[in-house]
Amino acid sequence: MASFATLDAFAERFSEARVLVRLDLNSPIEDGTVQDNRRFERHARTVSELAAAGHRVICLAHQGRPGRDDFTHLDQHAGVLSDHLDREVQYVDDIRGETAIDAIGDAAPGEVLLLDNVRMHDDELADREPAEHADSELVQRLADAADAYVNDAYSAAHRGHASLVGFPYVLPAYAGRVMETEYEANSAIATREFDGQVTMVVGGTKATDVIQVMDAIGDKVDAFCLGGIAGELFLRAAGHPVGHDVGEGDRFDEQWERNEATIRDVLDARGDQIHLPLDLAYEDEYDQRAEITLWEIDEKSTPFLDVGGETVDAYRDIVADSEAVFVKGALGVFEDERFADGTVGVLEEIAETDCFSVVGGGDTSRAIGMYGLDEADFSHVSIAGGAYIRALTGEPLVAVETLANCRPKTEA
Ligand SMILES: Nc1ncnc2c1ncn2[C@@H]1O[C@H](COP(=O)(O)OP(=O)(O)O)[C@@H](O)[C@H]1O
Ligand SMILES: O=C(OP(=O)(O)O)[C@H](O)COP(=O)(O)O
């Protein structure tokens, strides 16, 4: 178990500090609009605690990845975060230049700044070891302008990027409240033993995260219920003519090339644990939801956007018989009500079943609020996806390990 210092220790040491706070505000963007989600509400608790205590809060965050449609500036994120606070979040359209450094210097006690998308600086994603990131211009420039660093970005803690692992080498570093609570919940899961059936529902778009970990966690899981992009990729490996891009799509082929061998290995090794969709749903010529069983599909000519009704019924039965259920990634494009049956059907069954349950995934956990489900009906609703699933397997999260084990040279 990692042991890191929390905001309790920070409060004992600092007053009116300039504190860099790394958040994970990576969010869905629909028609160019950042979608509010649990990450803003949860991180606002950490920001609010620091600002209310009179510190000058300098937030760092990322959105998307270079080259992706959702790779944007953070101006909208500042507004959404403000909505969850009793104070304005001042967006700074700079990361480590003079504008940013001056804004940090001018920040008054209790003020909150949000710098621009940290992934827009080349140092952030450079392929370096954590100690090398500490020497980067990005980390050095911002560290010189601040007194301390707080990492609240548990949901990005599996990424060894500069703003996540570099600062503990050069500034006093602490865990934010999201980091603290997510770590405690998700680490406990990796060490728990269940007598009854353990089920994992996996879907979503980041099949690479899911597929590589399925094999690692396979000894702890009795049944994997697949959907989303991951489900189609496994169906493709099982010989069905699905799981490839059609039209403008770019969700499948690149992930297939990267993961085909692993998918086939996992299917061979754990086929009896893996439940694949029996039917799929798509948008017909009347813009309505239509379903098709696997055996009716002779070619994929349109994107499949959800699992079908037969699959939902089968997965609900599996969940109903489970002592523990972990969910990572949505079974369909639940943001569109026509294609929410898979995701919502499984979540409803979990809520009705007396089981230990964890729902993970920044996007996926949004479905709970969107469809009127009660968060209290789940044991833990994580705002992490890839980080959460790695925690399930007990895999160390590099940003957590760095936060717990590294100290500035001046304090070594
Ligand atoms: N068949 C599908 N085609 C395209 N997108 C899908 C499909 N099924 C699920 N999704 C998308 O997966 C997203 C959630 O998956 P992902 O981003 O990997 O998980 P999270 O961010 O929750 O860890 C949802 O936003 C949903 O729209
Ligand atoms: O949203 C995130 O990951 P997740 O979708 O696995 O929860 C994190 O912000 C990490 O984003 P990344 O997967 O683009 O590095």
Side-chain angles (χ1 to χ4, degrees), residues 22-30 35 37-39 43 61-68 70-71 77 117-119 124-125 152-161 163-164 178 182 186 201-213 226-233 235 242-252 255 277 280-283 300 302-308 311 326-344 346-347 358-368 370 381-391 397-399:
R22 180 49 158 107
L23 309 175
D24 184 1
L25 302 178
N26 193 24
S27 302
I29 294 182
E30 291 169 14
Q35 299 301 300
N37 62 81
R38 212 173 253 95
R39 288 180 173 179
H43 284 304
H62 75 274
Q63 173 58 48
R65 304 179 185 180
R68 286 278 179 92
D70 66 350
F71 186 58
H77 298 68
N117 189 341
V118 71
R119 287 185 175 177
E124 176 67 0
L125 298 175
D152 211 29
Y154 175 89
S155 46
H158 53 311
R159 306 301 189 202
H161 301 155
S163 65
L164 291 160
V178 171
E182 285 276 350
N186 294 332
V201 179
V202 285
T205 59
K206 295 170 188 159
T208 309
D209 278 346
V210 168
I211 289 162
Q212 287 161 356
V213 175
L226 270 62
I229 305 293
E232 267 202 67
L233 289 169
L235 285 172
V242 297
H244 55 80
D245 290 321
V246 289
E248 298 300 310
D250 66 349
R251 297 278 200 194
F252 291 93
Q255 293 201 67
L280 298 169
Y282 60 96
E283 182 182 57
K300 175 178 177 182
T302 182
F304 292 114
L305 303 173
D306 193 10
V307 296
T311 305
F326 305 110
V327 179
K328 164 51 175 89
L331 297 183
V333 184
F334 69 87
E335 296 88 345
D336 181 330
E337 194 172 0
R338 297 173 297 168
F339 303 107
D341 291 17
T343 305
V344 177
V346 162
L347 289 174
V358 184
V359 178
D363 296 333
T364 305
S365 54
R366 276 199 309 145
I368 293 173
M370 281 179 74
V381 179
S382 175
I383 58 171
Y388 146 69
I389 204 164
R390 284 165 173 77
L397 300 176
V398 60

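Every heavy atom of this structure was used, including side-chain atoms; hydrogens, water molecules and symmetry mates were not. In listed order, ligands and their atoms are each counted from 1.
Of all atoms in ligand 1, listed by their number and element, those nearer than 4.0 Å to a heavy atom of Ile229 are 2 (C), 3 (N), 4 (C). Residue Asp24 has at least one heavy-atom neighbour below 4.0 Å for each of these atoms of ligand 2: 8 (C), 9 (O). The ligand atoms of ligand 1 that sit less than 4.0 angstrom from a heavy atom of Gly228 are 8 (N). The distance from ligand 2 to the heavy atoms of Arg159 drops below 4.0 Å at these ligand atoms: 12 (P), 13 (O), 15 (O). Heavy-atom contacts of Gly385 reach the following atoms of ligand 1: 23 (O) (cutoff under 4.0 Å). Interface atoms of ligand 2 facing Gly386, defined by a heavy-atom separation under 4.0 Å, are 4 (P), 6 (O), 7 (O). Below 4.0 Å from some heavy atom of Lys328 lie the following atoms of ligand 1, by number and element: 18 (O), 19 (O), 23 (O).
With a 4.0 Å heavy-atom cut-off, ligand 2 is reached by no atom of Arg390. Of the heavy atoms in Arg39, only side-chain atoms (C-beta onward) come closer than 4.0 Å to ligand 2. Only the side chain of Glu335 comes within contact range of ligand 1, with a heavy atom under 4.0 Å; no backbone atom does.
In terms of polar-atom proximity, defined here as any N/O pair under 3.5 Å, Phe304 does make such a contact with ligand 1. Geometrically, ligand 1 and Thr205 share a nitrogen or oxygen pair separated by less than 3.5 Å. Residue Arg65 has at least one N or O atom closer than 3.5 Å to an N or O atom of ligand 2.
Formation of a donor-acceptor pair under 3.5 Å by the Gln63 side chain with backbone atoms of Ser27 is found in this model. Using a distance-only test at 3.5 Å, with no hydrogens or angles considered, a donor-acceptor pair links the side chain of His43 to the main chain of Asp24.
Using a non-hydrogen distance threshold of 4.0 Å, Arg119 registers as a contact of ligand 2. For the pair Ala330 and ligand 1, a heavy-atom separation below 4.0 Å is found.
Scanning for salt bridge (Lys or Arg N to Asp or Glu O under 4.0 Å) contacts around Glu337 gives an empty result, with sequence neighbours left out. Arg251 pairs by the side chain to side chain contact (heavy atoms under 4.5 Å, CB included) definition with Thr205, Ile229, Asp245, not counting sequence neighbours.
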Carefully, step by step, assess Ser163 and Glu124 under the rule side chain to side chain donor-acceptor pair (under 3.5 Å).
CA-CA 6 Å; Ser163 65; Glu124 176 67 0; 2.6 Å; yes
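Across the listed options Val307, Val333, Val327, Val333 owns the non-hydrogen atom lying nearest to atom 5 (N) of ligand 1. Residue nearest to atom 10 (N) of ligand 1, selected from Pro277, Ala387, Gly332, Pro303: Gly332 (by heavy-atom distance).
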